[in-house]
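Each chain gets a letter, A, B and so on, in the order the sequences are listed, and its residues count up from 1. All values below were derived from every heavy atom in this structure, side-chain atoms included, with hydrogens, water molecules and symmetry-related copies excluded. All figures in this text were calculated on a predicted structure; none of them were measured in a lab.
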2 protein chains.
Amino acid sequence: MDQNSLPPIQTTARDDAVLKALVGFVRAEALQPGERLPTERILAERLKVSRNTVREALTRWEGLGLVERRQGSGTYLKAAVSPDMLHMPLTLAGGNDFTSLMQTLEIRRALEAEAAALCAERASQADIAEIARKLDIMEQAFRTREGMSSEEDWEFHQAIYRVSGNPLFEQIIAAMHELFHRFWEHPLGVRDFGHASFPYHRTIYERIAARDPQGARAEALKLISTVEDDLKRGAAKLKLSSQT
Amino acid sequence: MDQNSLPPIQTTARDDAVLKALVGFVRAEALQPGERLPTERILAERLKVSRNTVREALTRWEGLGLVERRQGSGTYLKAAVSPDMLHMPLTLAGGNDFTSLMQTLEIRRALEAEAAALCAERASQADIAEIARKLDIMEQAFRTREGMSSEEDWEFHQAIYRVSGNPLFEQIIAAMHELFHRFWEHPLGVRDFGHASFPYHRTIYERIAARDPQGARAEALKLISTVEDDLKRGAAKLKLSSQT
DNA sequence: GTGGTCCAATGGTCCAACCAATTCCTGCAT
DNA sequence: ATGCAGGAATTGGTTGGACCATTGGACCAC
């Protein structure tokens, strides 16, 4: 017998019910990400549950990154919701050491390469133009400020993830990017960190514009490899300085 | 001015502090997954916070799958915790439909290819022998039972992830695998689902044994492509049958 | 305009009680 | 002794009400 044919009965599931109702509300009102949803007090009154129960439900959504709560202001939708969402919370035991950064980077290499390939397959002319725009901004920032800019660089890559047509790429890499962000400035004391990756941004774009998935994948792999090299260089330097 | 030089200050972070304290407690007591942690009332008293605050913190952990709460029994640890965990809650819109499966598969293709390449770089002779063993088991199961076996196939791939030296690969793919396990059996009614992927398991192994990262990556990409084709075939079939 | 003050709205925290599920122990019947 | 019904204690789930801290806008003096 399929054990799935007899799911456990639900006697009480207050907060789940609250979330279900909230999904219905968001869809009924056609709320977009960024908009504010009703106050906890109003929700509690309307749904005939305690405010604490509402809060537990919202806490869960906050943990999933679906809403953001701002004291004194309200609760705001952060992502689109749908009745049949699947949640896949991953918790990775990792630290701030060299090994963790390297492992994270390997994941990013995998996803970056695939996203670039998919992007080259699926990009419309408008998409390609948008990526070109982000590339220009990034290159100008590079020349003006004499170095890689986290912000504009990140925008460029995000554009690629978005055009790939698969939101999971952006979600996963965004989570890792947050972890990386503090080191992105001057990781491990390497001054020109990221310089070597600069030219590959344009080559990736060119392969995408040429609708060449294999080429885009190859260039993305090269880009991440330069970052890995920078990281290794920094680690070696750190090891050396600790020996003195 | 670097906008990072003025980060937002943190005035209150009660529940975060609770979780931090809880991490310390778990490590101090060397609690293993499955063990019970103190009751909410005791935690509230010890930490000098309200029980509500404790509950909000535990709700977050429950959402992340770190603990399990059983009414009348207690709260139990479900996974190892560490001070510097990285949380990556993924949400895929749409549940069991074709699009979700496809998007998940694209992520898997990215990770599978990279894991195979890293595996080819780093595998020791013992590692290669282990993978060969898993491959033999899988191939025998295929011939005996006249079809792909989820179990043995999964074991083979897991072995590759493990040898890649990066635990993140296995963690991420395992989360997705668990989520879609029910569909891996006969997804969308395609009988011989996965048959086409069979020969590529051996070719991947051969490229790994030959220490050929590029080749291993290419073979892994081919393997996932066959699965994608199967999926598309199933979707087309479904669409056709729904039109009658 | 600029800056300051006040105030209402809103999320954050706290408390005390009760409900519901679970666990465990007691005591009775066998 | 054994087994089992039944109740008491434990524990998470829910409720209602209160107060605190932050926000953002309205209003005002300069």
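- Scanning atom types as modelled, no donor and acceptor separated by under 3.5 angstrom connect the side chain of A/Arg55 and the base of C/dG11.
- Phosphate proximity of D/dT22 to A/Ser73: absent, as no side-chain N or O sits under 4.0 Å from OP1 or OP2.
- Taking side-chain N and O atoms only, B/Arg70 has no distance below 4.0 Å to OP1 or OP2 of D/dG13.
- Distance B/Tyr76 OH to D/dT10 C1': 11 Å, rounded to the nearest Å.
- Rounded to an integer number of Å, the gap from CD of B/Glu56 to C1' of D/dG12 is 15 Å.
- Note: CD (A/Glu40) to C1' (C/dT10) measures 8 Å, nearest angstrom.
- With hydrogens and angles left out, the side chain of B/Asp15 and the base of C/dG12 share no donor-acceptor pair within 3.5 Å.
- Straight-line distance from the CG atom of A/Asp16 to the P atom of D/dT14: 10 Å, rounded to whole Å.
- Nearer to the 5' terminus of DNA chain C, by closest-nucleotide assignment, is the contact made by A/Gly72 (compared with the other of A/Asn52 and A/Gly72).
- The interatomic distance linking B/Arg41 (CZ) with D/dG12 (P) rounds to 7 Å, in whole Å.
- Under the 3.5 Å distance criterion, with hydrogens and angles disregarded, no donor-acceptor pair is assigned to the side chains of A/Tyr161 and A/Gln171.
- The closest donor-acceptor contact from the side chain of A/Arg51 to the backbone of A/Glu45 lies at 3.5 Å or more, if one exists at all.
- Residue B/Arg14 contributes atom CZ, which lies 10 Å from atom P of D/dA21 at whole-angstrom precision.
- One can place CG of B/Leu47 at 15 Å from C1' of C/dC14, the figure rounded to the nearest angstrom.
- Contact between the side-chain N/O atoms of A/Arg69 and the OP1/OP2 oxygens of C/dG12 is found at a separation under 4.0 Å.
- Relative ring orientation between A/His201 and A/Phe198 is described as tilted, the plane-to-plane angle lying within the 30° to 60° band.
- Between the side chains of B/Thr59 and B/Arg69, at least one donor N or O lies within less than 3.5 Å of an accepting N or O.
- Put simply, B/Thr53 has a side-chain N or O that comes within less than 4.0 Å of OP1 or OP2 on C/dC14.
- C/dG11 atom C1' lies 13 Å from atom CD1 of A/Ile42, rounded to whole Å.
- Scanning atom types as modelled, one donor and one acceptor separated by under 3.5 angstrom connect the side chain of B/Arg51 and the base of D/dG13.
- Counting heavy atoms from C-beta outward, A/Arg27 and A/Pro83 have side chains that approach closer than 4.5 Å.
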